[in-house]
Amino acid sequence: MNKKILRVFIAFCVICITSMCFLLNVNAASATMRFTDPTVTVGSKVSVTIDVKGQDIGGYEVYISYDTAYLEYLSSSGGENLGTNDQGGVIKVMDYMSSGSSSKMSCTLTFKTKKTGTTKLLPSGADFTSGGGDPIVPTAVGNSTINIKPVPEASSDATLKSLSIGNGNLSPAFSKGNTDYSVNVDFSVTSLAVTALKNHNGASVYVSGNDNLAVGENKITITVTAENGAKKVYTITVNRAKNPLSSDIFLSLGDGIQAEVSLNISSDLVPRGFELTAISIDGISVAAVSYHKDAMPAVYLLGNDKVSEGFYFADVQNKTAKPFEYTTQAGQTLMILDINLTEIPKGYELGKFKFGEIEKDVLVPSRTETPNHCLVYAVGTMGEKLLYIYDPIENTYQRFSFAEMGKEETVPNTPDETKAPEKQPNDKKDDSKKSDSLFSNKVFKWVFIVIAVVIIVLVVVAIVLGVKYY
């Protein structure tokens, strides 16, 4: 073989070998293994994620070494069929697909950090297989670097940077070293918006006592807790002004419950059917409303946690009060009034009557031991004051009188149709006129009959003549 032929042969062999290597590189599967590099504080948990990527990953198996002086293995998670075996410094990790393959398989290993410093997770003996079970040569296998930092020293700063309220100015002006402040607010203020900014981000702030402010002195506390648990309490003394409607007169509503009488009553609050007036209680003049000069007046009670604000009938002598009583009948609301009348309807008298379990002073039929109904006074929605009949069986109220209280009801006189009318002196004259009218009617009737007979005769003659000459 001459040199020229030898050179051609060698070149051919090189080309074949290169082509085979190229084909192998094209057809061979590849895989990589990557780890995360977390940074944590000592004594805390740390998780490291392992990602296996490739075109046709069916499973893998790897041994991972770790330094037991820095890390304590806790658990693993993720993967389709993940299995781990810790041998104290070395963890065997394996996972596989139940069927087919994937382009990515992942799992997470969790450790507890034991001391500060830098440590690594080092993989070894990594084996990868394809979805068909063929081995895969890894192209890259990484590792994990874990940075373990010391826990920063907790702050003891429990001070505020600033402190302010929404409805006034603090006295004295705020300074973080001063913990006691005061403020005066109007009666209308029932809560305060408190803005307290902490001086250190690691601290916490808790505000209490700024809602449901009572008349007089109230305490708002702002508690600041530092990172290390140290506490500092700031206090705001809030003086809420007295109600300008306060009269310092209290009426009893029973069971030890009392409420204060309002000094004034706005005219737009006066119920229909009532008039604004004034009464004296313990020598102090207070506003009241009344529906009759002789009736029990009503005052406006300032509400509290046990009594609703509003109008109440007031017994001035006994310093007691009772609320207005309402009932709904026939589409309207009735306010039941106390019976205090100068005139009582005929056939009725003052007495007692039971409404359910409650006995009330009302008007009952006279001389009746067990009355089956009673009369009450009530104010309707239009302000009219009327008597109503109460039916205890139907539990209904029906209007008894259309007259207003204090006014007599008038009944129009109606003629008795059964009684014959008296004869008047001019009855004869009327009878003659009636006779003339009848006579006129008779003459008219006879004239009408004569005319009718003449017409009939003429018709008959015309018919006879017509037949004859035809």
Side-chain angles (χ1 to χ4, degrees), residues 160-197 205-224 232-271 274 276-290 297-316 319-324:
L160 290 176
K161 183 188 299 182
S162 65
L163 178 63
S164 61
I165 57 174
N167 296 79
N169 297 316
L170 296 178
S171 178
F174 173 77
S175 65
K176 69 178 183 179
N178 183 24
T179 57
D180 293 311
Y181 301 89
S182 64
V183 65
N184 297 323
V185 297
D186 294 337
F187 171 77
S188 60
V189 178
T190 58
S191 64
L192 278 177
V194 178
T195 303
L197 300 180
V205 179
Y206 178 73
V207 179
S208 64
N210 58 321
D211 292 323
N212 300 318
L213 300 176
V215 172
E217 186 175 291
N218 301 265
K219 295 288 185 181
I220 297 177
T221 58
I222 302 95
T223 304
V224 186
K232 195 179 191 73
V233 178
Y234 293 79
T235 302
I236 302 175
T237 301
V238 181
N239 293 296
R240 183 184 173 201
K242 185 179 179 181
N243 190 339
L245 297 176
S246 175
S247 64
D248 292 326
I249 298 173
F250 290 83
L251 299 183
S252 174
L253 285 90
D255 297 328
I257 300 173
Q258 290 190 329
E260 187 177 9
V261 178
S262 175
L263 196 61
N264 297 311
I265 298 174
S266 174
S267 59
D268 59 353
L269 294 178
V270 178
F274 285 75
L276 193 60
T277 183
I279 60 174
S280 178
I281 304 177
D282 290 344
I284 299 175
S285 178
V286 297
V289 295
S290 177
V299 295
Y300 196 88
L301 296 185
L302 303 176
N304 53 47
D305 57 345
K306 294 182 179 179
V307 179
S308 298
E309 181 175 321
F311 284 101
Y312 292 75
F313 287 115
D315 184 339
V316 175
K319 295 188 70 174
T320 60
K322 62 179 180 178
F324 282 7

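We use all heavy atoms of the structure for the numbers below, so side chains are in, but hydrogens, waters and symmetry mates are not. We number each residue from 1, following the sequence as shown.
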[atom1] of [X] to [atom2] of [Y]: how many Å apart, nearest 0.5 Å?
| X | Y | atom1 | atom2 | value |
| --- | --- | --- | --- | --- |
| Ile257 | Phe250 | CD1 | CZ | 14.0 Å |
| Asp248 | Ile281 | CG | CD1 | 12.5 Å |
| Leu263 | Ser285 | CG | OG | 8.0 Å |
| Lys322 | Leu253 | NZ | CG | 11.5 Å |
| Ile222 | Ile236 | CD1 | CD1 | 4.0 Å |
| Ser164 | Asn169 | OG | CG | 9.5 Å |

Does [X] use its side chain to pair, donor to acceptor, with the backbone of [Y] at less than 3.5 Å?
| X | Y | result |
| --- | --- | --- |
| Asn218 | Gly216 | yes |
| Tyr234 | Leu160 | yes |
| Asn210 | Leu192 | yes |
| Glu217 | Thr237 | no |
| Arg240 | Thr190 | no |

Around [X], counting heavy atoms of other residues, nucleotides and ligands shown, do more than 12 lie under 6.0 Å from its [atom1]?
| X | atom1 | value |
| --- | --- | --- |
| Asp211 | CG | yes |
| Phe187 | CZ | yes |
| Asp255 | CG | no |

Measure the shortest side-chain to side-chain distance between [X] and [Y] over non-hydrogen atoms and say whether it is less than 4.5 angstrom.
| X | Y | value |
| --- | --- | --- |
| Val215 | Asn243 | no |
| Lys319 | Val261 | no |
| Pro172 | Tyr181 | yes |
| Leu170 | Ile165 | yes |

Taking all atoms of both residues into account, what is the closest heavy-atom pair of [X] and [Y], and its distance?
| X | Y | answer |
| --- | --- | --- |
| Ala321 | Leu301 | CB-CD1, 4.2 Å |
| Ser262 | Val286 | O-CB, 4.0 Å |
| Asn167 | Val185 | O-CG1, 3.8 Å |
| Leu302 | Ala259 | O-CB, 4.0 Å |
| Ser247 | Ile284 | O-CD1, 4.1 Å |

Aromatic rings Phe311 and Phe324: how do their planes relate, parallel, tilted or perpendicular, breaks at 30° and 60°?
parallel
Output every pair passing salt bridge (Lys or Arg N to Asp or Glu O under 4.0 Å) with a member in residues 173-183, not counting sequence neighbours, ordered by first then second residue.
none
Check: Asp186/Ser188 side-chain N/O donor and acceptor closer than 3.5 Å:
no
Residues Ser171 and Ser182: side-chain donor-acceptor under 3.5 angstrom
no
Of the options Val307, Thr320, Leu251, which is the one that meets Tyr312 in a side-chain contact (heavy atoms from CB on, under 4.5 Å)?
Val307
